[in-house]
Structures are given as C-alpha cells and as structure tokens.
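Throughout, residue positions are numbered sequentially from 1 according to the sequence presented. All ligand and atom numbering here is 1-based and tracks the order in the structure.
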Amino acid sequence: MKPLNSIQGDKLNEWLVQAKKQIHLGQLPNYIPLLGQADPNELAFYLLTQDNYCVAVGNMAKTFSLMSVSKVFSLLYLLSLYGEEFVLKRVGTKASEYPFNSLTQLQLDQGLPRNPMINSGAITLAGLLPGKKSNDCCNNLRIWLNECSGSNLFLDENMLDSVRSLPNPKNIALAEELHKSGYLENLEIALDTYQQICCLSGNIIDLAKLGMLLINSPLISSQNRQIVHEILRECGLYEESQTLAFNQEFPTKSGVSGAMLSIVPQQGIIACYSPPLNDHGNSVAGLFLIEKIADFLN
Ligand SMILES: NC(=O)CC[C@H](N)C(=O)O
C-alpha cells in the first residue's frame, strides 16, 4: 500500500470536485431541526499523518457536532478508565443488522446492546460515564478528550436545544428497554448524557486530533486502540460496515451531522465533514472520498 503522505493537495481537490457531484444523492436528517438546516454544500476535509504531514481542503473554521462519532470516544474513555472486561460485559461487539436506532435489534438480543456504535450501546456507555449529573458526565469526557488530544471540543448548546426540541421516541424506547433488561441504571441521566455528548462540537482539525488518539497517542494503550479499531471494522458504519470494503482496511465512524473519521492504522487519519447522508446515516461525500483514497493507496 502507498503511504498516506503520498496523497497531495491537487489529487485531493480533484476528488473533492467529484465528491461534490455526489451530495445531491444525500439527504439532511429531519429529526434534529438544526441538522436539517445545515448547508448541504459545506465541506471540510483533513488528512493527518503521525509524522505531521497534512492536507487540508474546504472550510477549516466550520464547527459541527460529532453526533455518533462521539461514540468512539466514550468507548475509548471507558476502556481507559475501567478496562475491556468491565466495558465489554455491558455491551456486545457484533455488527448490527438493523438501523442504528433500532428497538427490534435490541429486543432480538434480549435487551443486550449489540455494539457501542449503535444508539442502544452508546446510551448504555453514556450511563457508565463518570459524573453525578449528565452535565458532569459530558464535561468530564470533553475535558479528557481535549487534554489527551489537544482538540478544542465544546458543547454546542444550540445543537443540544435543537436535539431536545423534538422528543426522540426511538432513543427513549431504547433506554426503557435497556433499563428493563438491567443494562441501564438511571434512564434519564444516561439519555441526557448521550444527547449532550452527541452535541460535542469542533472543527475538522479538532476531529483529526481526536482521530490521532487511535493512531499513536502514548496516553492510549495499544490494546484499547486495537479494540476500538476492531469494533469500528465490525460496526462503525452501521449496516454498511461489512459491505464497504475500505472499512476493513480503514476503520471508519460516521455521524448524522455529516462528520466522518477514518483510521489508517500505523499511519494517520482522514477526517471529513459533509452533511448530506445516505439511507444508513453515513455522509455520501465522506464515503466517496474514503473509497477514492483506498483505491489510490492500494
Ligand atoms: N448516527 C448518529 O449520528 C445518531 C446520533 C443522534 N444523536 C441520534 O441519537 O440519533
């Protein structure tokens, strides 16, 4: 495979022009009003290697919420705090066969959250984050991430207000099922913590810095890094995780804000932001770009 730093800016710009032609195939999410008002043509892209080679294209200042990309980092935080056994006896690591907020999947699994990258698993992990109130749980995660990665994450209160403005019956039903099956202690705190961590926000460079925690940070054990890589290969892109070949080579996590983070193990990361989503909740332009990069490197 060619090294990640063989990708030059002109090549990237070429792919971005092509990616922009894909965005009409995607939709903005309508169940979080502020996400539905995003500029579908907004795009930011940042490639960063462990020897600090970087290529930046698009709007570097644009901030956006992590949404489900945050699930990667609540998992990493809990693994770092409590270890693999504690975490993985409370959430599975198998790929889901249903949408990321599916109650059917949870019920078929007798209330055991199938993996930490779908909402049932993420809500379960949110209930395990240290802190008395949901604000503390979210803030503790935010501070840990900023201290470990050098990112500058903040809680986007406007996005949180927008998330709270429309009740999310699917997530409420998941939390009730998890509580019933004994995987969730305090339903209200876990749900609100989950909503808050989804609204942690930053720009594309912040996202890239977070990604580097999964490449070479001395603060993260290689064992925990490998666990997260494996789980991303298995379920980072929901039902598409197995069908998109690049995901086995470049474990990737998406979010409904249009954020996407791909790991190139031992080399670096690729961070994308483009709001239009496909039917599985994955950024259309983000998937296009990562596939182009995978083809180019191989
Ligand atoms: N896939 C996502 O990004 C989903 C996150 C969003 N907060 C939700 O619970 O639906």
Decide if atom CD of Glu85 counts as having more than 12 heavy atoms of other residues, nucleotides or ligands within a radius under 6.0 Å.
no
Answer yes if the side chains of Tyr194 and Asn119 hold a donor-acceptor pair under 3.5 Å, and no otherwise.
yes
Are Leu160 and Gln195 packed together at the side-chain level, in the sense that at least one heavy-atom pair is separated by less than 4.5 angstrom?
yes
Side chain or backbone, does Val256 bring an N or O within less than 3.5 Å of an N or O on ligand 1?
yes
Determine whether the side chain, the backbone, both or neither of Val69 has a heavy atom under 4.0 Å from any heavy atom of ligand 1.
neither
May I ask you to test the Glu239-Glu97 pair for a side-chain heavy-atom distance under 4.5 Å?
no
Below 4.0 angstrom from a heavy atom of Tyr194, which ligand 1 atoms are there? Numbered from 1 as shown, please.
5 (C), 6 (C), 7 (N), 8 (C), 9 (O)
Does ligand 1 come near enough to Ser254 that some N or O of the ligand is less than 3.5 Å from an N or O of the residue?
no
With a 6.0 Å cut-off on ring centres, are Trp15 and Phe296 close enough?
yes
Atoms in ligand 1 flagged as close to Asn171, the criterion being non-hydrogen separation under 4.0 Å
8 (C), 9 (O)
Linking I/L/V/M/F/W/Y whenever their side-chain heavy atoms sit closer than 4.5 Å, directly or via other members, would Leu261 and Leu79 fall into one cluster?
yes
For atom 6 (C) of ligand 1, find the nearest protein heavy atom and state the residue, atom name and distance (0.1 Å precision).
Tyr31 OH, 3.6 Å
Does Asn101 approach ligand 1 within less than 4.0 angstrom via side chain, backbone, both or neither, non-hydrogen atoms only?
neither
Is Ser65 close to Asp156 at the side-chain level, that is, under 4.5 Å between some pair of heavy atoms?
no
Using distance alone, decide if ligand 1 has a nitrogen or oxygen within less than 3.5 Å of any nitrogen or oxygen in Asn119.
yes
Need the ligand 1 atom indices (1-based, order shown) with element for anything under 4.0 Å from a heavy-atom of Ser68.
1 (N), 2 (C), 3 (O), 4 (C), 5 (C)
Ligand-residue contact atoms, ligand 1 with Gly255, heavy atoms, under 4.0 Å
3 (O)
Of the side chain and backbone of Cys198, name the one, both, or neither that has a heavy atom under 4.0 Å from an atom of ligand 1.
side chain
Any carboxylate oxygen within less than 4.0 angstrom of a Lys/Arg side-chain nitrogen, looking at Lys292 and Glu14?
no
